[in-house]
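Scope of the values below: all heavy atoms of this structure, side chains included, with no hydrogens, waters or symmetry mates. Chain A is the first sequence line, chain B the second, and so forth, proteins listed ahead of strands; every chain is numbered from 1.
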Amino acid sequence: MTGRINKETLTALFRTMLRIRLFEDRVVSLYPDQEMKCPVHLCIGQEAIAAGVCIHLRKEDYIFSTHRSHGHCIAKGMGLRPLAAELYGRSNGCSRGRGGSMHLADPENGIPGTTAIVGGCIPIAVGAALSARMKKNGRIAVAFFGDGAAEEGTFHEGLNYASLRKLPVIFVCENNFYATNSPLKARQPEVNIADKAAGHGMPGVWGDGNDVMFVHDACKEAVERARAGGGPTLLEFRTYRWKGHVGPDSDIETGCRPAAEYEEWVRRCPVEMFGKRLMKEAVLSQGDIDRLTVSIGAEIDDAMEFARRSPFPQQSEMLDHVY
Amino acid sequence: MTGRINKETLTALFRTMLRIRLFEDRVVSLYPDQEMKCPVHLCIGQEAIAAGVCIHLRKEDYIFSTHRSHGHCIAKGMGLRPLAAELYGRSNGCSRGRGGSMHLADPENGIPGTTAIVGGCIPIAVGAALSARMKKNGRIAVAFFGDGAAEEGTFHEGLNYASLRKLPVIFVCENNFYATNSPLKARQPEVNIADKAAGHGMPGVWGDGNDVMFVHDACKEAVERARAGGGPTLLEFRTYRWKGHVGPDSDIETGCRPAAEYEEWVRRCPVEMFGKRLMKEAVLSQGDIDRLTVSIGAEIDDAMEFARRSPFPQQSEMLDHVY
Amino acid sequence: MPWTKIQADDSRRPGIFSSGQGVREISYRDAIREALGQALDMDPDVFLIGEGIDDPGGVFGTTRGLSEVYGAERVMDSPIAENGMTGVAIGAAVTGMRPVLIHMRVDFLPLSMDQIINHAAKWSYMTGGRVKVPLTIRAIIGRGWGSAAQHSQSLQALFAHIPGLRVLMPASPYDAKGLLLGSIASDSPTVVIEHRWLYDQKEAVPEEAYIIHAGRGTIRREGTDVSIVASSYMVYEALRAASELEKRGMSAEVVDLRSVFPLDEELIVSSVRKTGRLIIADTGWRSCGISAEVAALAAEKALDSLKAPVKRICLPPAPTPASPALEQAYYPTFQQIVATAREMQ
Amino acid sequence: MPWTKIQADDSRRPGIFSSGQGVREISYRDAIREALGQALDMDPDVFLIGEGIDDPGGVFGTTRGLSEVYGAERVMDSPIAENGMTGVAIGAAVTGMRPVLIHMRVDFLPLSMDQIINHAAKWSYMTGGRVKVPLTIRAIIGRGWGSAAQHSQSLQALFAHIPGLRVLMPASPYDAKGLLLGSIASDSPTVVIEHRWLYDQKEAVPEEAYIIHAGRGTIRREGTDVSIVASSYMVYEALRAASELEKRGMSAEVVDLRSVFPLDEELIVSSVRKTGRLIIADTGWRSCGISAEVAALAAEKALDSLKAPVKRICLPPAPTPASPALEQAYYPTFQQIVATAREMQ
Ligand SMILES: Cc1ncc(C[n+]2csc(CCOP(=O)(O)OP(=O)(O)O)c2C)c(N)n1
Ligand SMILES: Cc1ncc(C[n+]2csc(CCOP(=O)(O)OP(=O)(O)O)c2C)c(N)n1
Ligand SMILES: [Mg+2]
Ligand SMILES: [Mg+2]
């Protein structure tokens, strides 16, 4: 099943998912120290999407994302040190401490920025694709966003323009069935989000966002289409976030979501499912995974340590970077 | 063909179309006097839609419209006197001279107002439908808007919510293929506007907006659905405006639109086509039509005379009606 | 119209944290929730709508439990579509309802500026007063814990610029209830801006419904040497500054604007005339802000009594930084007010 | 970067309608079109986008012919989707382009407030200065012939409140060209607000490209008795008022703000210090408007030189009426400025 994809790619996919998971797990464990003084929107449970999409992107391709962007940034190549330092509000954070978890940026790695305004990044990604077209630099752009964003006008305005101009952009909707604590069915009629693509004259695909191979394949096609001048694609990946909307705690106890629903999705852990599959197909051994876990753990140790040792921005710099 | 509809209805439809046409023709002839000191967006060529939709509405049902709303208001029951007085900026105009042509209102006839912000009226109509639902008064709401409005986020936001809540609202898109001088193909990918309904889980229908019988039938179904609690419908009627975007002149000479395209649509004049059909099917005679023309002409004479004789608002009233 | 029967408090009542004898004290949060419940009780045309207002958090507690009591048809969750949903609320308002549209953050209002500025604010005027828009929009100013640039804006000035709107900023629980009820009772669109840091403030609040009209400020503390004109959270910094100043022999009067549009010009001018010194402390930015309007008012109507240049205490001209090191310095405190007042002596 | 090679005019050049010897005079409209053409010539990263900008009207002539010369890939028509298209322009800007986004009316900007305020204005700060937004937004104030409430707003104050933005209001053809080029050359988002009634104004304008930076006003006419601080169309009313006042023995100084955010504080303050009287004439509304900010500045920095209360001449607090009978009274003219100045003597 995974055989048509080479071992390096499969390992890279798994490694990215595991890095995201372990990084966020560490955020969970360190957050109670109250040293990361910013809201964190964790993507634990959704790692397959970031990994399966970004594997197809070049360093110079663009991604744009939302309040829930740690995973996307890690998958796109942001270092864990600048990421951690940003969460700790330090001056060598990826956004020099000005952005915090919700506003990560790393232009050298194709991350011009993320925005915590729902739907905000969608037309911006379209503009990056327009820029790539005008500069003829062969780049493509990806917008990551949630199911909630599909309700915003900017979603449709962005799709309409991308399709009109056949721009090299991919719309990746991570449908985790909730926007804060509002369930999808309280916000949208029963239509697949992917099926909104047809109204804008572009292909839309939906499927299991916890299956990294599905994500990989769907996105591969979209990337090929974009690079070949075939225009945009809307991808809807169904998934689930394990933590509450914001912060390190689960919101199941507080009655925000049904426990059974949560447990069903945890059983379908994207990292574990893929790890098992790779072991079953002898791509990786348990030993490989253990070693990977240890080395990533060390990298995270280093990143967090780096962050905590780093200086804060100076108050005298308050007005820097405004213009 | 028209036999299934009774003579009164057919006559009413024709009469409404003719009233709109003759009223706007009169605006064209009087406008050069420079006494109607406001921009006028004429709907000459598009009359079948206003007539074919509003025939199904009760006095207490709501319509909301745009900068191009004379026809809708006439079809919904606004008197020609308050309409004319508004165009002349008089204090007994339908909006007491504050609104002008772009902001007509007549709440007693189910016209809470019109807005010249493209797409602005769409969610407002949805809200009126929500209100009707909450008040259980059996009313429905209609939003009239152009093809350009289908590009605005408010269009999709409005449709999403109407469909989610299955509200009694009908979205009537008058697709005249232009937004100011921008052709549709410069603004939207090639997708029927009606087909955007599917993405919002509601039925969408498109067809000839110059054929009042088609408009009548399509809207009848939508109204029945709305009244029966079946939720909203998107109707796309294809039509053409004979005049320029704004003002009494044609814009063909200035190269805004191809002459051949214009002529083709003028050949398909909705009023003339329907008149001929009614004569052919012996619903009306040429004499009937002539008499109608004369009596409407007299009504328009009266309205314009009324308007010109009416007082202007007082400067001391500048701050009235702000709150 | 049940609204005409409610008592209006036009007294420019001074108390803050006034704990009357035997009068129940409740929090700003609960005062808001009580107002909403009473509005829903009194008038079947009132409904609440907003993203997640029916969830267990209940907009920081201000709507908690209301959906259970009044049902999902009157306390409605909403899609994430601010401009569209504002239009929906306007459509309901122009056809006889009294919607209360609720936003978790002021920062989401820019998405709905079109419907607020171009539609809600102008509908009455554009229809020659034939159609009113009895719409209340609640939005909350966020602050702290790295809320950062997009979750902590204080944008009252944008609304206070637009004729047709009214803009209220309650600082105390008593006012939160009265101003909110006054806004729901009003036939005009009103933006009520709350502050996240005020929700735990407690004060004696009458149980019955009452109304405070827009356009009336109040004196929170009388003084003779300097007027500190503040609103929302800055009223507390101003009061703290006044206490501090008293220790140093300077008597500060604290004016709480409550209504930032329209302003209570009479109250502000008479305070400035009395003290001859004016400090304005606002939660927002300076340029074309509320502080500019109050300063301009003084320059127009109390110039001859001014003994010292007017001073404004606002946010620095930068988006909100995320880092705690910068965030702390970003927000002005009573200390700045104190230092400023002392310079003016 | 071709932009560093252009001459900057930091002279606070006074002339308006200055007809130099043998220097070509062109209209405000043509000055804008020339600036756009030169920007497109100089820098392949510049492009223009907006609803109908390629149509025969060409945004009241300011883009006429440009799509023929530069092609539809650089002078682009656009869907009617202001927030989305602003996002598109921002996306292009953060990835190395210099878009000029064009709106026929200021009134359409409220639809894109989210992308302007929450995104364009904050992107540089939120990314710690790593990513800039070299975006220019042009929008035009409409007036007259029943433009009414939704087609004649003058909303500069809403943008002038937001750190991260710059807001320019050229009054003269020379400035229209220089400020627009300065805005395109700048790495920060800039809102350039033009006035429909200025398009036929003519002035000597150099053929070569030049830049005027944000933050610099200019003295249009020197005087000693009163400072009339104006911008955009009101500069002309101010100049006419100054001539009228001269006849009556009062010497008025006319300050053209040009940049309403940031303001040229030094220039304003020194003028007020000189004359001791301040009238502000703005095209917009009063409350929290540009006029409030200028008045506040005087109360903060020139209080001791003020000989009379500051006066503001703005629109009445109402949406724009359609009726010509009201429209005429709605807009203040030089006569009001004259009457106001005479009262201040
Ligand atoms: C325009 C806007 N409205 C509301 C919010 C508040 N808010 C923050 S995240 C969120 C939910 C977003 O849901 P979704 O897009 O599905 O993303 P998820 O959090 O599920 O990843 C909301 C409503 C916001 N940030 N921006
Ligand atoms: C939000 C907004 N953007 C732009 C405009 C300028 N404008 C006025 S009418 C119009 C075209 C509208 O086209 P369409 O919706 O197809 O209606 P039509 O005029 O063809 O009836 C435009 C762009 C506006 N009024 N509102
Ligand atoms: Mg979600
Ligand atoms: Mg059209």
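Considering only heavy-atom pairs separated by less than 4.5 Å from chain A, the leading option among Ala81(D), Ala89(D), Gly91(D), Ala121(D) is Gly91(D). Of the listed residues (Pro79(D), Gly87(D), Ser78(D), Pro99(D)), the one with the most heavy-atom contacts under 4.5 Å to chain A is Gly87(D). Ranked by heavy-atom pairs under 4.5 Å with chain A, the list Ala93(D), Gly84(D), Pro44(D), Pro189(D) is led by Gly84(D). Per-residue heavy-atom pair counts under 4.5 Å with chain D were compared for Cys121(A), Gly120(A), Ala116(A), Gly158(A), and the maximum is reached by Gly120(A). Heavy-atom pairs under 4.5 Å with chain A were tallied for Arg74(D), Glu82(D), Lys132(D); the largest tally goes to Lys132(D). Of the listed residues (Ala141(A), Pro313(A), Gly99(A), Gly113(A)), the one with the most heavy-atom contacts under 4.5 Å to chain D is Gly113(A).
Side-chain atoms of His321(A) and Met126(D), non-hydrogen and from C-beta on, never get closer than 4.5 Å to each other. Within the 4.5 Å cutoff, the side chain of Val88(D) has heavy atoms near those of the Leu130(A) side chain. Residues Asn83(D) and Glu157(A) have side chains in contact (heavy-atom distance under 4.5 Å, counting atoms from C-beta outward). The closest side-chain heavy-atom distance from Met134(A) to Met76(D) is below 4.5 Å. Using a 4.5 Å heavy-atom threshold, the side chains of Val322(A) and Ser124(D) count as separate. Put simply, the side chain of Lys135(A) does not reach to within 4.5 Å of the side chain of Thr95(D), judged on heavy atoms. Between His119(D) and Ile117(A), some side-chain heavy-atom pair lies under the 4.5 Å cut-off.
Annotation: the span from Arg96(A) atom CZ to Tyr125(D) atom OH amounts to 12.0 Å, rounded to 0.5 Å. Within the model, atoms OG1 of Thr127(D) and CG of Asp106(A) stand 11.0 Å from one another, a figure rounded to the nearest 0.5 Å.
When heavy atoms are compared at a cutoff of 4.5 Å, Arg139(A) does not approach chain D at all. In this structure, no portion of Ile80(D) lies under 4.5 Å from any heavy atom of chain A. Using a 4.5 Å cut-off between heavy atoms, Ser91(A) does not touch chain D at all. Only the backbone of Asp320(A) comes within contact range of chain D, with heavy atoms under 4.5 Å apart. Neither the backbone nor the side chain of Lys122(D) comes within contact range of chain A, judged by heavy atoms closer than 4.5 Å. In this structure, chain A has a heavy atom under 4.5 Å from the side chain of Ile49(D), while its backbone stays farther away. Neither the backbone nor the side chain of Leu104(A) comes within less than 4.5 Å of any heavy atom in chain D. Interface remark: Val131(D) contributes side-chain atoms only to the contact with chain A (heavy atom separation under 4.5 Å).
Scanning all heavy atoms of the two residues, the minimum distance from Ala92(D) to Ser131(A) falls at CA-CB, 3.9 Å. Nearest heavy-atom pair, Pro123(A) versus Gln115(D), reported as atom, atom and distance to 0.1 Å: CG-NE2, 3.7 Å.
Here the side chain of Trp123(D) pairs a donor or acceptor atom with the backbone of Pro112(A) at under 3.5 angstrom. Looking at Arg130(D), its side chain does come within 3.5 Å of a backbone N or O of Ala105(A) through a donor-acceptor pair. A donor-acceptor contact shorter than 3.5 Å is absent between the side chain of Arg98(A) and the backbone of Gly128(D).
Of all residues spanning residues 53-86 of chain A, those with a heavy atom less than 4.5 Å away from chain D's heavy atoms are Tyr62(A), Phe64(A), arranged by number.
Counting heavy atoms of neighbouring residues, nucleotides and ligands inside a 6.0 Å radius, atom CD of Gln315(A) exceeds 12 of them. In Lys37(A), the NZ atom is crowded: over 12 heavy atoms of neighbouring residues, nucleotides or ligands sit closer than 6.0 Å. Atom CD of Glu305(A) sits in a crowded spot, with more than 12 heavy atoms from other residues, nucleotides or ligands closer than 6.0 Å.
Applying the side chain to side chain contact (heavy atoms under 4.5 Å, CB included) rule to Tyr323(A) yields the partners Arg166(D), Ser188(D), Phe261(D); only residues at least two apart in sequence or on another chain are considered.
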